[in-house]
There are 2 protein chains.
Amino acid sequence: MSEGVEWAVHSCLNLAWAEPGEAVTATRLAAFYELPAAYLNRQLQALARAGIVSSTSGPRGGFRLARDPADISLLDIVTAIEGGQEAFRCQEIMRHGPGGRDNVDYRKHCLVSQAMRRADLAWRRELAAQTIADIKLAVEGTRPGTPKMVRNRLAKPVS
Amino acid sequence: MSEGVEWAVHSCLNLAWAEPGEAVTATRLAAFYELPAAYLNRQLQALARAGIVSSTSGPRGGFRLARDPADISLLDIVTAIEGGQEAFRCQEIMRHGPGGRDNVDYRKHCLVSQAMRRADLAWRRELAAQTIADIKLAVEGTRPGTPKMVRNRLAKPVS
DNA sequence: GGCACGTTACTCGGATAACAACTGTCCGAGTCAAACCGG
DNA sequence: CCGGTTTGACTCGGACAGTTGTTATCCGAGTAACGTGCC
């Protein structure tokens, strides 16, 4: 899986802790974890296309969460970055085997494909059950000082 | 995920249907689905290293299942081809963030990593529950002629 | 006829290129804020 | 002093290279069967 997923999730978390009315630039989000700013910007664009964050240009511009953290699941973020295709993509090799028919969709009928799809669905179900709000709450329970620290760190560039 | 996984699973199935005492060459297994033989051979080598199939050189050589089909899960095959690492590999970016400690293993403590690992485990659990014997039996229930057809097709090269 | 040996053809196994995807970077279009000027 | 306009800098957005991993291929080491010659 792409490394950008990790960046995107942590950035969404930080955006959830940011000042509600303010937008945060990609540069500051990148400076938080010392990431390459231009590349993180690329991932944030993907999140914007998926409707997870909204972007604003110009001075005082940047990114902010487009909807409630409780409505943003890890699956949403993974799908936005990686694309919706499943890990195992059936190439329908049975079509070239003996008895292969052209009018059969082996992605549905091949038992191997079915088993793989079942595993993929289990993975997606688990990711869909975890929202940014869940993680945010759990972190605040363990480290109560996190929200203020993040807000402070995002408010001004690295000294 | 690598495309070779699909080839490996189908080849294991075909090996399960093959004549018990006989070894099947990579060339014939590849001809079954019109796959590039040399590359399929590479995947079969990975299966051999993992102890899923055993290989024999020379005339009358080839591959055969090394253990009972009921002891070969889809997870075993995926692990053999792809390697055991999970899809989401935590890069521990929190280490470079504010309050990052060098002596903390963020792969265990980061909640994002934990959630991803949980999803990965659900995926693996589902794959581990499906064995080659399961799929073999299901196919035989739907297409009773499959075993004989496969055995016949594997016995001699493509005419 | 049976057995040992050399030959031969066949198979896996790893080393070697071609391709694609991910990673990283750069500069331009658009935009908002602030400064400036005139009334 | 206040409003409109211009300027300017700042930000996202997409287009452009570098690097790693996957896909595909080839040839050599090893081996078992076969044919041959000998006992």
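Remember, it's a predicted structure, so these values are computed and weren't measured experimentally. Lettering follows sequence order; numbering is per chain, from 1. Excluded from the calculations below are hydrogen atoms, water molecules and symmetry mates; all remaining heavy atoms, backbone and side chain alike, are included.
Taking atom CZ on B:Arg60 and atom P on C:dC12, their separation rounds to 13 Å, with Å as the unit. Rounded to whole Å, atom C1' of D:dG21 lies 11 Å from atom CD of B:Glu82. Taking atom CD1 of residue B:Ile81 and atom C1' of nucleotide D:dG21, one finds them 15 Å apart after rounding to whole Å. Atom-to-atom, CD of B:Gln45 to C1' of C:dC12 comes out at 7 Å; the value is rounded to the nearest Å. A straight line from CD of B:Glu3 to P of C:dA21 spans 12 Å, rounded to a whole angstrom. Rounded to a whole Å, the CZ atom of B:Arg89 is 11 Å from the P atom of C:dC22. Atom CE in B:Met1 sits about 18 Å away from atom C1' in C:dA20, given to the nearest Å. Rounded to whole Å, atom P of C:dC19 lies 15 Å from atom OH of B:Tyr39.
Between D:dG13 and A:Ser55, a contact under 4.0 Å exists linking OP1 or OP2 to a side-chain N or O. Close to C:dT11, at under 4.0 Å from its OP1 or OP2, lies no side-chain N or O of B:Thr56. Side-chain N/O atoms of A:Arg42 include none lying less than 4.0 angstrom from OP1 or OP2 on D:dC16.
Scanning all heavy atoms of the two residues, the minimum distance from A:Tyr106 to A:Arg101 falls at OH-N, 3.0 Å.
Residue-to-nucleotide proximity on DNA chain C shows that, of A:Gly4 and B:Pro59, the 5′-proximal contact is made by B:Pro59. Residue A:Ser2 is the one, among A:Asn41 and A:Ser2, whose nearest nucleotide of DNA chain C lies closer to the 5' end (criterion: closest heavy atom).
Here the nucleotide nearest the side chain of A:Phe63, chosen from D:dT25, D:dT22, D:dC12, is D:dC12.
A:Asn14 and A:Ser11 share no donor-acceptor pair across their side chains, judged by distance under 3.5 Å alone.
Here A:Ser113 pairs with nothing under the side chain to side chain donor-acceptor pair (under 3.5 Å) rule; sequence neighbours left out.
Residue contacts for A:Pro36: at a heavy-atom cut-off of 4.0 Å it reaches the sugar-phosphate backbone alone, with no base atom in range. A:Ala26 comes within 4.0 angstrom of sugar-phosphate atoms only, judged by non-hydrogen atoms across all strands, and of no base.
Under the 3.5 Å distance criterion, the side-chain polar atoms of B:Ser2 are left unmatched by any main-chain donor or acceptor of B:Val5. Checked by atom type and distance alone, the side chain of A:Asp76 pairs as donor or acceptor with a backbone atom of A:Ser73 at under 3.5 Å.
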